Amino acid sequence: MKRPWEADPAAGFRRRLGKSALTLGNTNATPACPDIWELDNGDIALIGRDMTEQYKARLPDDVSIVADERLVVIPRNMLIAAKPHIPDA
């Protein structure tokens with residue numbers, strides 16, 4: 001069965017939402033940093049820690065993670081910094 005939404009692997013990066021991990025103090029200038037990006041098709045890409053295995057046994061009843069998905073964690077201050085760049089609709 002086809003899912004109503006699929007990620008487009010051809011989408012490019014349009015702009016960072018919020019501030020860089022370095023600016024927020026969430027990295028020490030290494031390539032291993034969380035980030036939030038708007039893609040050129042309007043979708044959002046999150047770069048964070050893959051915590052799928054650590055959380056999968058305690059997901060809420062109405063949440064599931066299928067084989068091609070991962071639960072990714074980013075710092076709270078990063079999402080707060082992105083809020084002004086995220087439209088209401």
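What you see below is based on every heavy atom in this structure, not just the backbone, and it leaves out hydrogens, waters and symmetry mates. Bear in mind the structure is a predicted one, so any value in this text is a computation, not a measurement.
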Practice prompt. Verify the cluster assignment for I74 and I86: are they in a single hydrophobic cluster under the rule of side-chain heavy atoms below 4.5 Å apart?
Written response: yes
Worksheet item: Are D68 and R3 close enough for a salt bridge, meaning some N to O gap below 4.0 Å?
Response: yes
Worksheet item: Cluster question for you: counting only ILVMFWY and a side-chain heavy-atom cut-off of under 4.5 Å, with indirect links fine, are L24 and W37 together?
Response: no
Practice prompt. With the side chain counted from C-beta on, respond yes when M51 and V72 share a heavy-atom pair under 4.5 Å apart, and no when they do not.
Written response: no
Response to the item:
Taken to the nearest 0.5 Å, the spacing of N26 CG from K19 NZ works out to 11.5 Å
Worksheet entry | Row check, Y55 ring normal vs R58 NZ/CZ: under 6.0 Å, within 45° | yes
Worksheet item: Between P34 and R49, what is the shortest heavy-atom contact and its length?
Response: CD-NH1, 4.4 Å
Worksheet entry | Nearest heavy-atom neighbours spanning I44 and I36 | CG2-CG2, 3.8 Å
Item to complete: Of all the heavy-atom pairs spanning R70 and D50, show the shortest one and how long it is.
Response: CD-OD2, 3.4 Å
Discussion item. Let me confirm one number: the CG-CE distance from D35 to M78, rounded to the nearest 0.5 Å.
Written reply: 5.0 Å
Fill in: Heavy-atom side-chain contact between R14 and L39 under 4.5 Å
no
Worksheet item: Between L59 and L71, does a side chain to side chain contact (heavy atoms under 4.5 Å, CB included) hold up when you go through it step by step?
Response: CA-CA 10 Å; L59 293 171; L71 186 148; 4.0 Å; yes
Item to complete: Please answer whether the main-chain N or O of G12 pairs with a side-chain N or O of D40 as donor and acceptor at a distance below 3.5 Å.
Response: yes
Worksheet item: Closest heavy-atom contact between H85 and R15?
Response: O-NH2, 3.0 Å
